[in-house]
There are 2 protein chains.
Amino acid sequence: MSEIDHHSAVPVFRQLAEILRGMITSGEVPAGKALPSIPYLSQEYGIADGTVKKAIQVLKDEGLVIGVPGKGTFVIGQS
Amino acid sequence: MSEIDHHSAVPVFRQLAEILRGMITSGEVPAGKALPSIPYLSQEYGIADGTVKKAIQVLKDEGLVIGVPGKGTFVIGQS
DNA sequence: AGTAATTTGTTCGTATGTATC
DNA sequence: AGATACATACGAACAAATTAC
């Protein structure tokens with residue numbers, strides 16, 4: 001699985017955004033399902049909570065996912 | 001009783017964790033009994049709900065207390 | 001039997017301050 | 001000076017378990 005390179009010129013939040021995008025486009029996380037939670041991603045990739053949120057914000061700005069407080073971050077189906 | 005200093009260098013959640021630890025070690029809340037509820041602590045000390053949960057998480061990680069949904073946060077007896 | 005209230009636990013959203021590059 | 005990253009704090013919503021009525 002993809003890992004984060006903290007010394008890369010590409011910002012960490014952008015690296016994670018690409019990883020999450022890959023989960024969606026590959027069908028690993030299909031439409032209607034939720035991405036892994038923010039605390040999980042934070043711990044799993046060894047990055048700060050706020051940085052994960054920033055990565056997810058990228059996908060939200062693109063209309064790829066939508067966050068639902070108390071539930072999760074869900075993939076939008078582009079039907 | 002102890003108060004929270006919002007301008008201290010020590011994080012609020014750590015200050016509360018120490019106050020709760022004091023309740024336990026002093027015997028004010030003996031083994032088998034529950035700490036004050038999260039909403040109560042939140043209102044009593046003037047801090048956010050999530051910050052109280054974070055403080056309690058510190059004690060849970062140390063095995064000092066255990067949370068029981070619907071009941072409370074109970075002090076573990078160190079027998 | 002069933003509804004409501006309380007409590008813990010988990011989630012996302014937003015904001016602030018600090019440090020680093 | 002600006003972007004990035006981390007830590008902290010607050011806020012709000014939702015679920016599950018328990019208790020009370």
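None of the values given here were measured: they were computed from a predicted structure. Order of the sequence lines sets the chain letters (A, B, ...), proteins ahead of strands, with each chain counted from 1.
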Rounded distance (Å) that lies between atom C1' of dG9(C) and atom NZ of Lys60(B):
7 Å
In whole angstroms, how far is the P atom of dA3(D) from the NZ atom of Lys54(A)?
9 Å
Can you tell me which nucleotide in dG13(C), dC12(C), dT10(C) comes closest to the side chain of Lys53(B)?
dT10(C)
Could you tell me the separation between the CD atom of Gln15(A) and the P atom of dA5(D), rounded to a whole number of Å?
8 Å
Of the listed nucleotides (dT8(C), dT4(D), dA5(D)), which one gets closest to any side-chain atom of Ile38(B)?
dT8(C)
Select one nucleotide: of dT8(D), dC6(D), dT11(C), the one nearest the side-chain heavy atoms of Ser37(A).
dT11(C)
Would you say that Ile4(B) contacts Ile19(B) through its side chain, given a criterion of any heavy-atom pair below 4.5 Å between the two side chains?
yes
Distance-only, no hydrogens or angles: does the Ser42(B) side chain make a donor-acceptor pair with backbone N or O of Ile47(B) under 3.5 Å?
yes
Minimum-distance nucleotide to Pro11(A) side chain [options: dT4(D), dG13(C), dG9(C)]:
dT4(D)
More than 12 non-hydrogen atoms from neighbouring residues, nucleotides or ligands closer than 6.0 Å to CD on Gln43(B), yes or no?
no
Among dA7(D), dA15(D), dT8(C), which nucleotide sits nearest the side chain of Lys71(A)?
dA15(D)
dT4(D), dC10(D), dC6(D): which one has an atom nearest the side-chain heavy atoms of Phe13(A)?
dT4(D)
Check the distance between dA17(D)'s P and Ile66(B)'s CD1 and give it to me in whole angstrom.
15 Å
Among dG13(C), dC10(D), dA17(D), find the nucleotide with the atom closest to the side chain of Ala48(B).
dC10(D)
What is the nucleic acid contact for Ile47(A), judged by heavy atoms within less than 4.0 Å: base, sugar-phosphate only, or nothing?
sugar-phosphate
Side chains of Pro11(A) and Lys54(A), heavy atoms from C-beta outward: is any pair under 4.5 Å?
no
Would you classify Gly50(B) as touching base, sugar-phosphate or nothing, given that sugar-phosphate means primed atoms plus P, OP1 and OP2, and contacts are heavy atoms under 4.0 Å?
nothing
Between dT14(C), dT4(D), dT8(D), which nucleotide has the shortest distance from any of its atoms to the side chain of Arg14(B)?
dT8(D)
